[in-house]
Every structure is written in C-alpha cells, then in structure tokens.
Asks: 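Have a look at the structure that comes next, please.
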Amino acid sequence: MQETFYKVKGSVNKRIALISDLHEKPYDWILSSFQRQKPDMILICGDLINGRRPLHHTYKTDEISHILTFLRECAVTAPVYYSLGNHERLLSPYDLKKIRETGVTVLDNAWVKTEDLIIGGLTSYKRDIYQSFKAQYHPGELYPHSEPSRMKELQEKDYIWLKEMEQQDGFKILLSHHPECWKLRAPYLCEYRFDLVLSGHAHGGQFRYYRNHAWHGLFGPDQGLFPEYTEGMHTGKYGSMIISRGCSNTAPHIPRLFNPLEIVYIELTAQ
Ligand SMILES: [Fe+2]
C-alpha cells in the first residue's frame with residue numbers, strides 16, 4: 001500500500017485524496033491514511049462496488065452495506081464526491097439514494113460548483129450502455145456478454161454537459177473512471193479545457209515491468225496488452241490527468257506484481 005503525492009498548480013490551497021477501484025475490499029487502511037494526511041476533500045472515481053455481470057437487472061443494496069459504512073466514514077472526514085465506474089453499472093436509483101444519504105455527493109454525468117472548485121463526474125460508458133439496454137429490455141432477455149456498442153449514440157446525446165462544465169470559470173476537476181477516455185476513446189477528454197482529470201480502472205496494469213528507464217503496466221481493461229494509461233500523471237494541451245493504481249486487487253487469483261495498492265494525494269497550490 002502506498003500514498004502517492006502530486007503537486008498541481010491550482011486556484012486554491014487544498015489537499016485532495018483520490019480513491020479508486022476499492023471493489024468492496026477492506027478499507028481500514030484508507031481511513032488510517034486519511035487520519036494521517038487529513039485531506040480537505042475526498043474524490044472517488046468509481047468501482048467502489050464489485051459488480052457482477054447484469055443478469056437479473058437488480059442489485060441488493062444491503063450487499064453494499066459496508067461500502068455505505070465506508071462512505072459515511074469518508075463523509076465525516078471531508079466533503080466527498082463520487083463518480084460511477086463500470087462496476088456501478090447495476091446500481092439502481094434506490095441504491096444511489098442510499099449512497100447519497102451517507103452525505104456523499106454522487107456525480108452521475110453531472111458537475112457541481114463548490115466554494116472554490118468545479119467538480120464533475122463522467123459516468124463509465126459501460127453503465128450508460130447498460131442503462132440504455134435496460135430501457136429497451138424485453139422480459140427474459142439477458143445482457144450480452146460482450147458490451148453492445150452504442151458509443152455513437154452516447155457521444156451525441158450524453159456528453160453535452162461536459163461542454164457546459166468546460167465553459168465555467170474556475171479550476172475544473174473531472175472524475176473519469178476510464179483513463180482511456182483521455183486520448184483513446186470518446187469523449188477524448190484531453191481536448192476539453194479541464195485543469196485536472198482523475199482516473200482509475202486500469203489497476204496499474206496488474207503486473208508492472210521496467211523497460212527503457214521507466215515502469216510500465218502489462219495489461220489494462222479496455223486497453224489490452226501494454227496499455228498506455230495505467231498510473232501516474234499525463235499532461236495534455238489544457239491540463240493533466242492523474243491515474244490511481246487502485247485500492248484493491250480485483251482478481252485475487254492474479255497477483256499484482258511491483259504494483260502496490262495506492263491512495264493518491266493531490267496538493268493543489270494557489271501559486
Ligand atoms: Fe473499472
């Protein structure tokens with residue numbers, strides 16, 4: 001387990017904790033880290049849940065009761081903003097209501113203006129695709145194992161709010177579970193005027209190896225072998241993306257190699 005610190009020039013002085021990919025695994029070490037580091041704000045960029053493939057279109061909220069406890073603990077530490085990953089695909093409006101009742105702000109393809117920052121949450125396109133499937137669901141129909149492709153549809157109607165957020169004055173942070181949405185996949189976030197994009201999902205590439213004086217990830221979901229975006233800071237035209245390597249090992253039978261679990265701290269500095 002590792003605490004990684006980044007410094008980013010912003011408009012305010014603030015310590016931000018970034019949590020990603022907990023997948024319903026133990027979280028005491030995260031709370032201990034919060035006690036030591038005292039973040040001013042906690043941002044969660046998805047996959048707190050360990051979602052199954054959608055088969056019966058329901059999710060029992062009590063299955064995530066300990067995640068609700070975790071969120072309550074986070075919410076008494078600092079303001080919390082939570083954006084949804086692919087594993088949050090099955091969460092129903094009722095589940096989201098229970099999550100909001102913990103005191104956490106859920107950003108489901110939405111942005112908010114806080115006292116000194118603008119914070120948005122881009123929901124995983126896999127949840128958007130599933131929601132679209134569910135809206136046209138016929139009884140007995142099972143969700144296909146391969147995600148149906150509705151990317152074009154999503155680009156046209158679901159990313160308008162990103163443009164609205166981009167036009168706001170102030171330091172803009174976007175939570176985007178998928179780091180490949182930076183440059184490899186719509187909505188190509190590096191083309192937007194966001195100061196900071198925060199991502200997870202790639203779990204650091206599961207195995208990390210050293211080549212050409214740098215560490216690289218071996219495999220990333222939705223990027224395949226030798227993925228480009230698995231951790232660290234990536235600078236673009238307008239801002240940067242920071243990727244968390246995640247807070248759990250999702251596949252316990254496959255070890256993480258040279259790839260410790262990670263809490264990211266971002267020191268925003270006014271100067
Ligand atoms: Fe994910």
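First listed ligand is number 1; within each ligand, the first listed atom is number 1. Scope of the values below: all heavy atoms of this structure, side chains included, with no hydrogens, waters or symmetry mates.
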Asks: Knowing that exactly one of His23, His203, Lys25, Gln206 qualifies, which makes a side chain to side chain donor-acceptor pair (under 3.5 Å) with Asn249?
Replies: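 The passing option is Gln206.
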Asks: Under 2.8 Å from the Fe ion (ligand 1), which protein N/O/S atoms are there?
Replies: Asp47 OD2, Asn86 OD1, His177 NE2, His201 ND1
Asks: Measure from the side-chain N and O atoms of Ser248 to the backbone N and O of Leu22, and report whether any donor-acceptor pair falls under 3.5 Å.
Replies: yes
Asks: Can you pull the side chain to side chain donor-acceptor pair (under 3.5 Å) pairs that have at least one residue in residues 75-84, sequence neighbours excluded?
Replies: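 Pairs touching residues 75-84 that pass the test: Tyr82-Glu88.
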Asks: Check whether any side-chain heavy atom of Glu73 lies under 4.5 Å from a side-chain heavy atom of Ile30, and answer yes or no.
Replies: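 Result no, sub-4.5 Å side-chain heavy-atom pair not found.
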Asks: I'd like to know if Lys183 and Glu228 make a salt bridge, using a cut-off of under 4.0 Å between side-chain N and carboxylate O.
Replies: no
Asks: How about Tyr27 and Thr69: does a side-chain donor come under 3.5 Å of a side-chain acceptor?
Replies: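 Not at all, the side chains of Tyr27 and Thr69 share no donor-acceptor pair under 3.5 Å.
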